[in-house]
Structures are given as structure tokens and as C-alpha cells.
Amino acid sequence: MSALHSADSFLLSLSRAFCSPLAVFIQIQGCVICLTLAIGWAFAAYVRKREINRIEDGIKGGNSFAFLCHDINELEHSNQVNLPRVSVVMPLKGFGEHNLHNWKSQITSLYGGPIEFLFVVESTEDPAYHAVSQLITEFKGDVDARVIVAGLSTTCSQKIHNQLVGVENMHKDSKYVLFLDDDVRFHPGSIGVLTTEMEKNPEIFIQTGYPLDLPSGTLGSYCIYEYHMPCSMGFATGGKTFFLWGGCMMMHADDFRHDNYGVVSGLRDGGYSDDMTLAAIAGAHKRLITSPPVAVFPHPIASDLTFSRYWNYLRKQTFVLESYISTINWLMNRALFLTHFYLSWGFVAPYFMAMVHVAAALQIYIKGYSYGETTCTSGGLLLAIWLAICTFTELLSMWNLTRIEVQLCNILSPEAPKLSLDYYNWSMIFVAMLVDNFLYPISAFWSHFSQTINWSGVRYNLKKGKIHKYLATLQIERNKDKGPEFTDLGGKHLYGKKAATPKASLLGSLGRSLAHWHQPKKYDV
């Protein structure tokens, strides 16, 4: 051993240190996390595949519209005329490369009942206003759609404000309200499926779905995909779930008309995240949230998504854990914070240890030492091999679920361009898994100590878990000269004419956030 170079000695010493009981536990834990995710995705794939089989069996049985409904008799005129009225509320912000396609998929629904589409913008200066107005003109006479100008929010996030203004303007006879994000593509029969489930079970408080991310090829887009995938198993239950995605939420319209369970006041008075707030209300009042097995929607990610935009998106996701509406909600968010922190770095650490074990084993092989002289390093190499096997199993399960969801989306939208799994880069996805899980705890701590976030050009500051309504002019800041010119995932232009793609780096983004954090808060009370 004395003949080894000092660097080699350090490497072997580090490998031995990583063979301690605690280090072995961490490495075994990494394998367990991989296998747990693999099992969860396998179950989710089973639920989605079962729905594919049902649709294919229906088509073979003579129901050519099985992608719309289970029973073809539901399409009879006598049934369609009795369908309830639905108001679809879409809060908009900016205009990007995928918006027009997404909006068309949403308003060309094959729902047979009365339906209206309410596009809600902050102001007429929003690029989305002119784009969607032109779209509505194109479909004039065929679709009941209109644009509503909501004005600036002062007591909650702009998205929530737009949603509530949309609800205030919905038809007086609407039985259900469906909130949709403008960055997902809807299937022709999705509204019908959601409405049917609400009619079957009036106890349902909210029906939701989940996006299938379509990465654009950048590392940031794969990080988004990887970030969403663990949650996808919570939406593929085929029924009851505790998860809620704000991009698709169908609710009873009367819950908003009468502020049942405090849904309006909970959102309006300091609300930052629509889905987290409503999920907390559902939990507090023991209300039912469900997710139909066909509620998975293609979500194309901007082709020019930079890593700094991914970082800001991650910041927004961790920032929601700082908002809460009750003590119990705060405790649950703290538990999520700690659990995610532990599991994220608990997932990444074993790979660092494995690299050390492999590097040490290579040094031993190159120097000609036998493995018998370095038993501990051999044990570390065995752990690294097990981690590699578990990682392969995890990626295989992720690939299988994505493959099945792509197939399901293609079946549900037979007229749309076919989605493909071919352009998914699985080496990049593995790198994204490490990058995303390494950065999540950093982002979570940053959000916790800064209590501020920039969301689509608007900077929000929290006070005791809420955007304080009495300090609205101080707690919500808008400055398009200093804010971003693009939204994070969709790459939508926020301020009119297209500007050059920002070249900001991740470090630059962190630096600006740090500078804002250290600015004196002279209005704090």
C-alpha cells in the first residue's frame, strides 16, 4: 500500500470510509428509493394500461367512440341534451410557441352539453389577449368563448385572481367549473369524462389530472420531466387521490357561488398556490379528490428553456411549501419539506459514494493490487453494482410508464399529431435525476429564508404563509423592466413583442435573487 500515490491513498481511504455502517445504510437506502419508485411507476403503468385495454376492447366491440365514452349509447341525443352546463376558466399569462395549439385542443372539445370558455387575462397589454381574441374570432359561431380582463391582483397571486374573476363571470346555470392551464393539450373527450364522473358521484369535491411532459432536449426540460414523474403515480390511482394539480381542476360551481368550505376566501385572502390551497381545504373538510385514469395530458415544454428558467420553476415549486392556510397545513408542509429534503439528498449521495468505490477499484486494478488486499473496496464495489441494477430497474419502470402514457394520449386524441417516445434521451434523464434531486433541497432552503419569488414577472412576498391583503401594494411587486421576459416552462413572451432569449446563467439567477433578498425590507411590520 505504501507504493500507492498519495491521491490513490486518499481515494482508497475515502472508499473505506464509505464502507462504514452509516455509509452502507445510505447506499442501501438509495437502492430502496430506486426500487420504491420503480414499483410505484409499475402500478401507475398498470392503471393506465388497463384503460388502454378497455378502450381497445370497446373499439373491437363496435364502439368506434370508445375514446370518448364507455357506452356508445351515451352519445344519443336524448342523453346529450340532459348534460349539465360547464364553464371552463383559463387564466392566461403571455404567449408562446405551444399556446395556440393548446387553446385549440381545449375549445374543440366534443362535450355534448352546454359549455362556455372564459379566457382571463390581466390586461389588454398581455400578448395572450390579442392572440386569443383572434382565435375566438376564428371560431366565432362555433364556440361560446370570450376574453375577460381581470385587472391587477392585490390580495392573492395573479393566477388565482384571474380564476376568481372568471368564476364571477361564468353562466348563472353552470353546474361545474373547470380550471385549465394554457400549457397543456386537452383530449376531445376529457371534459365529458370529468363531467360524467362528477355526475356519478356528487361527493367528489375536485376532479384533477396530470401532465405528461414532452421534453424539448435541454437539460432543464428533462429536469422538469424528472421532477414531475414521482408525483405521477399519485394521479394514476384510477380514483381517489390526495394529490391535486392546478392545471386541471373540475369543481362544483355552487362551491364558489356560496363560498362553501371557504374556497373563495381561502384563495382570495392571501392565496399563492391554487392547487395547494384547495388540497388543504379538501383535507381539512375531508372532501374527496379523484383523478380518472384517462386524465393525463400532453405538456410540451419550450424548446428554448434555459437552465435558469428551470431553476426559477423549481423555486416556485418549493415556494408553495411556504404558503399555508392553517396550522395543520403548515405542519404538513413542514413534513413535506423535511421528507423531500431527506429523500432528495438521500437519493443523490449513494451515487457519489458509488463513483468513489468504482474509482478506487480502478486504481487497484491499474496498480496491480488484488481485491483480497482491499476487502472493503470490494464490498463498496458490490454496493455500487447493486445501485446500478436498481437504477436500471427504476429507469426501465419510468420508461414503461412514459411509453404507456404516450400510447394512451395517442388513443385519446386520434386526430392529433402522434406523440413518440423516440426523442426521449434516457442518459439525459439520468443526469436530470441527479441534478434535480441535488438542487431541490437548496431551492427549498432558499425559498424558506427568502420568502419571496418571481412568478411570470410578478414578485410575491409572503407573510405568515399568505400574501397579506393589507400590505398588497407592498407585498406584490410588478416591474417588467427588471422581471423576466419569458415564462419558465412555456417560454411565453410576457410583454408584447418577442425579445432576444435571455442568456442568464443559473449563477446569475442566484445572484439576483440573493441581491433582492438582502435589500432592506423597510415596510415589514
Side-chain angles (χ1 to χ4, degrees), residues 84-93 102 105-106 109 111 115-120 156-170 174-187 190-199 201-212 228 231-232 234-237 239-257 259-268 271-285 287-297 299 316-317 320 323 325:
R85 176 177 285 276
V86 176
S87 291
V88 183
V89 176
M90 287 167 281
L92 308 182
K93 182 71 173 180
N102 296 341
S105 74
Q106 292 166 354
S109 169
Y111 179 65
I115 186 171
E116 64 174 348
F117 298 91
L118 307 177
F119 295 91
V120 190
C156 57
S157 70
Q158 188 64 46
K159 178 184 178 182
I160 289 178
H161 176 68
N162 287 10
Q163 289 173 324
L164 294 179
V165 171
V167 167
E168 291 172 0
N169 286 271
M170 68 181 173
S174 289
K175 187 174 183 180
Y176 303 112
V177 56
L178 173 61
F179 298 106
L180 291 180
D181 278 357
D182 65 349
D183 54 1
V184 293
R185 296 175 184 171
F186 234 46
H187 306 297
S190 295
I191 296 178
V193 170
L194 294 171
T195 305
T196 299
E197 293 299 318
M198 295 289 279
E199 288 289 281
N201 186 2
E203 294 300 315
I204 295 177
F205 180 54
I206 309 175
Q207 274 212 105
T208 188
Y210 205 60
L212 168 62
H228 283 158
C231 293
S232 65
F235 290 85
T237 62
K240 182 179 179 180
T241 181
F242 298 101
F243 294 84
L244 182 60
W245 177 53
C248 173
M249 301 185 298
M250 176 172 276
M251 301 180 65
H252 295 270
D254 280 346
D255 285 343
F256 287 88
R257 293 189 180 102
D259 194 17
N260 294 338
Y261 314 107
V263 293
V264 174
S265 54
L267 290 168
R268 180 193 58 214
Y272 166 75
S273 170
D274 53 341
D275 47 15
M276 290 291 283
T277 300
L278 290 172
I281 291 173
H285 294 276
R287 306 305 299 166
L288 179 61
I289 301 175
T290 65
S291 180
V294 294
V296 54
F297 312 108
H299 175 220
K316 288 192 300 184
Q317 299 306 301
V320 299
S323 63
I325 62 173

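We're numbering straight along the sequence, starting at 1.
Put simply, the residue from Leu178, Val86, Val294, Thr290 that forms a side-chain contact (heavy atoms from CB on, under 4.5 Å) with Leu194 is Leu178. Between Tyr210 and the options Phe235, Phe297, Phe243, a side-chain contact (heavy atoms from CB on, under 4.5 Å) holds for only Phe235.
Aromatic pair Phe179/Phe256: centroids less than 6.0 angstrom apart. Centroid-to-centroid, the aromatic rings of Tyr261 and Phe205 come within less than 6.0 Å.
When side chains are defined from C-beta on, Gln163 does not count as touching Cys156, because their heavy atoms never get closer than 4.5 Å. At a threshold of 4.5 Å between non-hydrogen side-chain atoms, the residues Tyr176 and Met251 do not count as touching. Counting heavy atoms from C-beta outward, Arg185 and His299 have side chains that stay 4.5 Å or more apart. Side-chain contact between Leu118 and Met90 is absent, with no heavy-atom pair separated by less than 4.5 Å. At least one side-chain heavy atom of Leu278 sits less than 4.5 Å from a side-chain heavy atom of Met249. Put simply, the side chain of Leu180 does not reach to within 4.5 Å of the side chain of Val89, judged on heavy atoms. Using a 4.5 Å heavy-atom threshold, the side chains of Pro91 and Ile160 count as separate.
Within the 3.5 Å criterion, the main-chain N or O of Glu116 finds no donor-acceptor partner in the side chain of Ser87. For the pair Thr196 (side chain) and Gly192 (backbone), a donor-acceptor distance under 3.5 Å is present. The backbone N or O of Ala280 sits nowhere less than 3.5 Å from a side-chain atom of His285 that would complete a donor-acceptor pair. Side chain of Ser323 to main chain of Tyr272: no donor-acceptor pair is present (N/O by atom type, distance under 3.5 Å, no hydrogens or angles). Between the side chain of Gln106 and the main chain of Val184, a donor-acceptor pair closer than 3.5 Å is present. Side-chain N or O atoms of Asp182 include none that pairs as donor or acceptor with a backbone N or O of Leu92 at under 3.5 Å. The closest donor-acceptor contact from the side chain of Ser105 to the backbone of Asn102 lies under 3.5 Å. A distance-only check finds no donor-acceptor pair linking the side chain of Ser190 to the backbone of Phe186 [under 3.5 Å].
Minimum heavy-atom separation, Ser291 to Gly209: OG-CA, 4.0 Å. For Thr277 against Gly266, the heavy-atom pair with the smallest separation is CG2-O, 3.7 Å. Heavy-atom minimum distance, Val177 versus Met170: CB-SD, 4.2 Å. Minimum interatomic distance between Ile191 and Met250 (heavy atoms only, all atoms of both residues): O-CE, 4.4 Å. Taking each heavy atom of Thr208 and Pro292 in turn, the nearest pair found is O-CD, 3.5 Å.
Classification of Lys159 and Asp181 as a salt-bridged pair holds, one side-chain N sitting under 4.0 Å from a carboxylate O.
Under the salt bridge (Lys or Arg N to Asp or Glu O under 4.0 Å) criterion, Glu199 pairs with Lys175, not counting sequence neighbours.
Here the OG-NZ distance, from Ser273 to Lys316, works out to 11.0 Å after rounding to the nearest 0.5 Å. In this structure, CD1 in Ile289 is found 5.0 Å from CG in Leu244, a value given to the nearest 0.5 Å. We find the OG-CG distance between Ser157 and Leu267 to be 8.5 Å, quoted to the nearest 0.5 Å. Taking CG of Asp254 as the reference point, atom CZ of Arg257 lies at 5.0 Å (rounded to 0.5 Å).
The closest side-chain donor-acceptor pair between Asn201 and Glu197, if any, does not fall under 3.5 angstrom.
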